[in-house]
Amino acid sequence: MIDMAQPLLEVKDLVKYFPVYSRGILMKKVVGQVHAVDHINFAINECETVGLVGESGCGKTTTGKLILYLERPTSGEVLFQGRDAIKTFSKGSGEEKMRLRRAMQMVFQNPYSSLDPRMTVFDIISEPFKIHKHVSSNEWKERVYKLLELVGLEPYHAERYPHEFSGGQRQRICIARALAVNPTFIIADEPVSSLDVSIRAQILNLIMDLQNKLGMSYLYISHDLSSVRQISQRVMVMYLGEIVESATTEKLFDRPVHPYTRALMSAVPIPDPKRKMNIILLPGEVPSPVNPPSGCRFHPRCQYATSKCSQEKPVLAQVDVDHYVSCHYYHKFI
Amino acid sequence: MNILDVQNLKTHFFTEAGVVKALEDISFTVEKGCTVGLVGESGSGKSVTAQSVLRIVPKPGKIIGGKILFDGEDLLAKKEDDMRKFRGKKISLIFQDPTSSLNPLFAIGDQLADIVIQHDRVKKDQALEQVIKTLKVARLPDPEQSLGQYPHQFSGGMKQRICIARALLLNPQLLFADEPTTNLDVTIQAQIITLLKDLQRDLGMTLVMITHDMGIVAEMCKCVVVLYAGHVMESGDIETIFEKPHPYTEALLKAVPRLDQTRKLTSIPGNIPNLIDPPSGCVFHPRCQYAINICMEKVPPLEDVGGSHFITCHRWRELQGGR
């Protein structure tokens, strides 16, 4: 067997529980745990875009933050280029931490709140140079102009403040800031969901073009299945802190297997009056992650659930090459 | 028959920075018993259109011209007191954000019963009966139980059901739904879309669906009005508009990712215009791939293309023929 190339990022058994405290000032007690991310595993290869899709509260943003150590994981491993990233972030030397931060960057959801209104675009994009000291100060100007050009802005924009830009342009500034440290991996957390419909395509195209030019990998976090399909090579579907299905984009969208994935896809309206929806209505709402349902977490809303589903937790089983599903009865849906 | 006929509606906002021309010459009709989509991006004027029809445009906004005919009566000629008899009773509105449109200090039963008491002058227990009946129509589980509960005790989807019930309380003939699913998850959005479709069918109501999502329009609506920067770009029945779209609609359809296919997205260049200083001529010309000189100089009129398709474009003849 040929030695498989090592993935850029590997997430193993990653867990994050947030404690829930009782009311009161004195005698605060932990009365429960929010199971935000519960034993998830995945890998991202070089030059690959992986989509992470799910409804609000399913733990997709927490997953992104855990990878970057913006939240401390309860347990589990994050390996970046084969090395333990959690260990580097928690115990590594300053220089090691900085090096890893340069490799992994994030673009946030809301370009209105993630840019400092009192800094000019030049200050915003050159701040990483100041912190990481990887660019000598006489090259700053040239680098900032280059980054602006890369994201489709003009050099004269550098002297302006964030409020002078539209949402789409702000998101371009956020992307330029993330690129300032030459990262090999970028987490994009709903980068287009706060933008207008006619602007979204600009940013999605930019993200894809940058990958072709610079060859970085993305974890694209979104609740919007259509944009995930557009941008990702592989997609993972999350429900209540767990990955329920993961496959190449083509397989997932052509032959979704998990009942949740199928319901999710049936719920997206298609802009074509000739293609009417065939909605699989899910009863009720996503249960609380404080006391998630036993067995398969989707069983209270699943029309195919049996007593086995409420008792036994299904494992992520391989149903095809590059296609994994966590459902006891997946063979029924293939 | 048309239940609503909006003619040359003009609503401006007189702000300190200048006059924001939110609606500039809006004309469209809504057929009785029909679901009509009012589509546009933020700033296109779709919410202000609904507010203008109900005459609840917030300050410093003002309706400065046009006619709004509801069942033949001009709403803009009504006195404020008469107008109150239309709001909620004949024309109703579901707001975009259910969290901010419900009063957090009052129990659901009380705030909904208040509306019935105000309009119909009935006793409270009679009003509450009507509330329970309507909450059932909006498929809120346990309506009797929820009367004593407060908005924060409900999830987003449930709050939206309560808001839908509130809009339906007085059996309006015309219902505006202003992006009713924008803040909801997809599976909950599917529940609300299904509910609105069923309600429209069962109650024979006229529904105007305000949205930016062409998918929702294609799914729910019979007719569409496409707005851009305070102007109607086109209006017509849904099949025609998807087959022979205005350049703006065409560009929008090519720019949205679709669940059922992967294709190269053609983005629309530039940004949404500033409504204090809108572009000359056709408002869409700076971003239009077909724009020629006349588009910069002259405002195109809303022309009847035939087949109840109206379009605002200087070049519709050659473009519709050539496409």
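Per chain, numbering begins at 1; letters A, B, ... match sequence-line order.
The shortest side-chain heavy-atom distance between A:H223 and B:V186 does not fall under the 4.5 Å cut-off. Within the 4.5 Å cutoff, side-chain heavy atoms of B:E243 are placed close to those of A:K274. For the pair B:Q189/A:P269, a side-chain contact is recorded, criterion being any heavy-atom separation below 4.5 Å from C-beta on. Taking the side chain as every heavy atom from C-beta outward, B:V256 and A:R200 never approach each other to under 4.5 Å.
In this structure, CG on A:N205 lies 8.0 Å from OG1 on B:T266, to the nearest 0.5 angstrom. Atom CG of residue B:L265 and atom CD1 of residue A:I203 lie 12.5 Å apart, to the nearest 0.5 angstrom. The line from OG1 of B:T187 to CD1 of A:I279 is 10.5 Å long, rounded to the nearest 0.5 Å. Note that the OG atom of A:S226 and the CG atom of B:D260 stand 8.5 Å from one another [nearest 0.5 Å]. Rounding to the nearest 0.5 Å gives a distance of 4.5 Å between CD1 of B:I272 and OG of A:S198. A distance of 9.0 Å separates CD in A:E285 from CG in B:L184, rounded to the nearest 0.5 Å.
Closest non-hydrogen pair, A:G284 versus B:Q191, comes out as O-NE2, 3.2 Å. For A:P273 against B:I238, the heavy-atom pair with the smallest separation is CB-CG1, 3.7 Å. Residue A:M265 comes nearest to B:L259 through the heavy atom pair O-CD2, 3.3 Å, listed as atom of the first residue, atom of the second, then distance. Minimum interatomic distance between B:I188 and A:E55 (heavy atoms only, all atoms of both residues): N-OE1, 4.5 Å. When all heavy atoms of A:V197 and B:E41 are compared, the closest pair comes out as N-OE1, 4.0 Å. Shortest non-hydrogen contact noted between A:A201 and B:A255 is CB-O, 3.2 Å.
Options B:L253, B:V217, B:I193, B:I216 differ in how many heavy-atom pairs under 4.5 Å they form with chain A, and the most are formed by B:I216. With respect to chain B, the highest number of heavy-atom pairs below 4.5 Å among A:S56, A:A263, A:G168 belongs to A:S56. Comparing B:S155, B:A251, B:G270, B:A218 by how many heavy-atom pairs each has under 4.5 Å with chain A, the most go to B:A218. Options B:D213, B:I241, B:T194 differ in how many heavy-atom pairs under 4.5 Å they form with chain A, and the most are formed by B:T194. By number of non-hydrogen pairs under 4.5 angstrom with chain A, the leading residue of B:M220, B:Q261, B:R263 is B:Q261. Of the listed residues (A:D272, A:L282, A:L264, A:V268), the one with the most heavy-atom contacts under 4.5 Å to chain B is A:D272.
Enclosure of atom CD in A:E149 is not indicated, since only 12 or fewer non-hydrogen atoms of other residues, nucleotides or ligands lie within 6.0 angstrom. Other residues, nucleotides and ligands place no more than 12 heavy atoms under 6.0 Å from the CG atom of A:N291. Residue B:K197 qualifies as enclosed at atom NZ: its count of foreign heavy atoms under 6.0 Å is above 12.
No part of A:I280 comes within reach of chain B, as not one of its non-hydrogen atoms sits under 4.5 angstrom from that chain. Neither the backbone nor the side chain of A:E250 comes within less than 4.5 Å of any heavy atom in chain B. Heavy atoms of A:S227 lying under 4.5 Å from chain B belong to its backbone as well as its side chain.
A donor-acceptor pair under 3.5 Å is formed between the side chain of A:Q202 and the backbone N or O of B:I268.
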